[in-house]
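The block underneath contains the structure these notes are about, expressed in structure tokens.
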Amino acid sequence: MSRDGQDQKLIGERLRKARENARITQADAARDAGMARTTLVAIEQGVRRVRLEELQTLARMYKTSANALLRDEAVHVDLVPRFRKTLDAADTGIEEAVALLADLARAEVELENILGIKRSFNYPPERPILAGDVRLQAEQDALELRQRLGLGLAPIRDMITLLEMDLGVRVYVRRFNPKISGLFAYDEVLGACILLNANHPLARRNQTAGHETGHLVATRREPEVLLDHPTVNSREERYADAFGRSFLTPSRAVMQKFHEVTAGAAQLSRRHVIILAHFFGVAREAMVRRLEELKLAKDGTWDWFARNGGITDEHERQALGDLKVADQYKTEANRPTTLRLATLAAEAYRRGILSEGQHARMLRMDRVELRALVDELGNEEGAGDGQLQLK
Amino acid sequence: MANFSSSDCSPHVIDTSVAISLDASGIADAVLGCLCRPALIVDIARDELDGGRGLGVTARASINRWERGGLLSIVKLSETANDTFESLVSGSSVATIDDGEAATIAHAIDVGGIAVVDEAKARKTSLRRFPDLSLSSATNLLLMPSLAAVIGPAAVADAVFKALTISRMRVPRELHFKVVSLIGEERAALCHSLPAVIRKR
């Protein structure tokens with residue numbers, strides 16, 4: 001890519017996106033780069049050619065590189081500004097979480113592109129929220145998606161695999177501020193992306209994933225942040241909540257399983273709740289609230305449990321024993337990047353497509369961390385010699 | 001490829017990864033002290049370590065110390081070097097390298113110096129685009145006879161082993177066997193940055 005002609009416009013656009021992702025105003029960027037604001041505006045609009053020294057200064061300020069701005073295949077998206085409304089709210093670490101999602105998705109798409117990997121998308125048709133009861137619409141849409149995926153009434157124990165493999169959504173499970181449960185964003189270049197918090201238990205993450213799937217179905221053009229304790233109760237949020245509940249715990253399946261689990265019992269016990277929550281892969285509180293909603297338990301049942309010692313992990317251990325599901329994603333989240341990104345990066349490294357510096361910057365990793373990752377995957381040149389060859 | 005020789009008094013322009021590996025070796029001061037003039041690092045390469053983590057942070061602090069001790073100078077790219085730099089960072093992913101690597105090569109060409117680069121793609125790019133440029137590596141510097149004469153071969157072997165295990169130093173292919181014979185097969189087996197075929201001999 002050269003700084004002249006047609007590319008001038010593209011570079012201007014990339015500079016604007018990089019500035020916005022860094023959350024720096026035009027005025028501040030221009031002042032710190034020692035240029036008039038009008039000059040920066042002209043550069044970003046592609047009207048004026050950016051000088052190399054200016055490009056280097058701006059790249060440093062935006063925490064990127066000249067190469068990332070001038071590399072043909074570099075992926076530039078403006079996810080951060082799209083969350084502006086949410087970012088203006090109280091500081092809850094949302095900005096860092098959005099930046100994390102953007103970095104992961106951008107790196108994955110660029111690596112896929114340069115390695116010639118075509119990802120298949122199979123998004124469900126959009127179902128805009130209509131006038132009337134959002135809960136009923138959500139239930140209908142959730143059942144429709146279940147049918148489409150051939151799930152019937154079966155429980156979904158691993159929402160992440162389902163979203164990735166069956167729908168082609170990019171899902172990342174990483175550790176970030178525990179006040180945030182998850183993020184959803186859709187972009188023409190990246191596709192649908194979901195970030196889930198590895199600091200939350202598996203069952204909670206499943207619920208967050210169910211909620212974000214609701215946004216994919218009904219409001220995919222609107223980026224969304226789900227907080228641990230949501231303060232917004234819009235129709236969109238109520239729809240996504242109801243969608244998640246219906247998708248993970250379909251009413252008919254819950255009724256059927258409830259009948260089976262509580263057969264012969266006179267009252268709902270902690271053990272019943274634990275078995276049902278385990279079966280559907282949701283949190284114990286979510287399970288009880290769903291039972292209340294479906295009138296299978298009295299209103300206030302969860303509050304009663306809460307007032308009387310709750311339903312604890314120890315209760316769960318006693319009830320489930322070895323049946324408790326291991327959380328592989330939590331372990332993976334302790335690694336510097338996702339397994340998929342690591343594999344793609346190691347392949348690009350092995351083939352010499354990207355240099356160490358390009359990789360380190362793209363993955364936001366320390367060089368030594370990157371070397372460790374590549375070495376672990378055994379991807380030095382010639383590592384495959386004598387091994388089984390893929391067609 | 002031009003041959004690097006320790007007696008060559010051309011300036012050595014070191015890349016980010018070389019600074020990290022030399023720092024991890026624990027004998028960077030002695031290495032840089034063996035060069036006949038202060039090594040150079042371009043500000044762009046040094047700045048890559050800003051805001052970093054782990055060994056990047058300690059290498060950044062060491063660069064400041066080397067500079068204060070007169071072992072290293074921080075330099076900026078000239079206008080001519082900027083043209084080379086731009087040609088190395090613009091284009092397809094396959095044809096380009098990152099800023100620090102490009103700046104190191106561009107400045108070495110500009111001052112008729114030796115580019116000290118460990119990164120394989122940057123070395124290949126340099127060889128293809130600038131066959132007359134002298135290339136060296138952190139390993140080359142650690143293997144300088146003048147260094148062994150000062151600190152002794154055993155200390156050199158320990159330093160190479162530290163650079164390999166702490167910073168996972170990348171060793172150019174042509175030096176693999178030399179490194180293994182220096183540190184011994186037992187220690188080489190512990191160095192995951194060496195190719196498996198070398199480690200498992």
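Each chain gets a letter, A, B and so on, in the order the sequences are listed, and its residues count up from 1.
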>> As a quick check of understanding, evaluate salt bridge (charged side-chain N to carboxylate O under 4.0 Å, His left out) for A:K17 and A:E13, giving each step before the final call.
In response: CA-CA 6 Å; A:K17 287 178 179 173; A:E13 198 179 309; 3.3 Å; yes

>> With no hydrogens and no angle check, just 3.5 Å: does a side-chain donor-acceptor pair link B:N64 and B:R68?
In response: no

> Which residue out of B:K121, B:E79, B:E101 racks up the most heavy-atom pairs below 4.5 Å with chain A?
Replying inline: B:K121

> In terms of heavy-atom pairs under 4.5 Å, which option from B:I20, B:V89, B:D83 contacts chain A the most?
Replying inline: B:V89

>> Counting heavy-atom pairs under 4.5 Å with chain B, which one of A:L52, A:I114, A:L69, A:N113 comes out on top?
In response: A:L52

>> Check this for me: does any side-chain nitrogen of one of A:R340 and A:E112 sit under 4.0 Å from a carboxylate oxygen of the other?
In response: yes

>> If you count heavy atoms of other groups shown closer than 6.0 angstrom to CZ of A:R31, is the number above 12?
In response: yes

>> Strictly below 4.0 Å, N to O, side chains only: are B:R170 and A:D375 in salt-bridge contact?
In response: yes

> Tell me, side chain or backbone of B:I166 under 4.5 Å from chain A's heavy atoms, or both, or neither?
Replying inline: backbone

> By a 4.5 Å heavy-atom criterion (distance strictly below it), what part of A:L354 contacts chain B: side chain, backbone, both, or neither?
Replying inline: both

> Out of A:A348, A:G352, A:A74, which one racks up the most heavy-atom pairs below 4.5 Å with chain B?
Replying inline: A:G352

>> Sub-4.5 Å heavy-atom contacts with chain B: which residues of residues 53-67 of chain A show up?
In response: A:E53, A:Q56, A:R60, A:S65, A:A66, A:N67

> Does any heavy atom of chain A fall under 4.5 Å from the side chain of B:T125, the backbone, both, or neither of them?
Replying inline: neither

> Between A:R16 and A:E20, is there a salt bridge with N-O shorter than 4.0 Å?
Replying inline: yes

> How close do B:S17 and A:R367 get, heavy atom to heavy atom, and via which atoms?
Replying inline: CB-NH1, 3.6 Å

> Minimum heavy-atom separation for B:C191 to B:I183, with atom names?
Replying inline: SG-CD1, 4.0 Å

> Does one side chain, of A:R175 or A:N334, offer a donor that lies under 3.5 Å from an acceptor on the other?
Replying inline: yes

> Is any NZ, NE, NH1 or NH2 atom of the basic residue among A:E110 and A:R106 found under 4.0 Å from an Asp or Glu carboxylate oxygen of the other?
Replying inline: no

> Is it the backbone or the side chain of A:R361 that comes under 4.5 Å from a heavy atom of chain B, or both, or neither?
Replying inline: side chain

> Using non-hydrogen atoms only, which part of A:I353 is less than 4.5 Å away from chain B: side chain, backbone, both, or neither?
Replying inline: both

>> Report which part of B:I97 has an atom under 4.5 Å of a heavy atom belonging to chain A: side chain, backbone, both, or neither.
In response: both

> If you draw a 6.0 Å radius around NZ in B:K178, do more than 12 non-hydrogen atoms from other residues or ligands fall strictly inside?
Replying inline: no

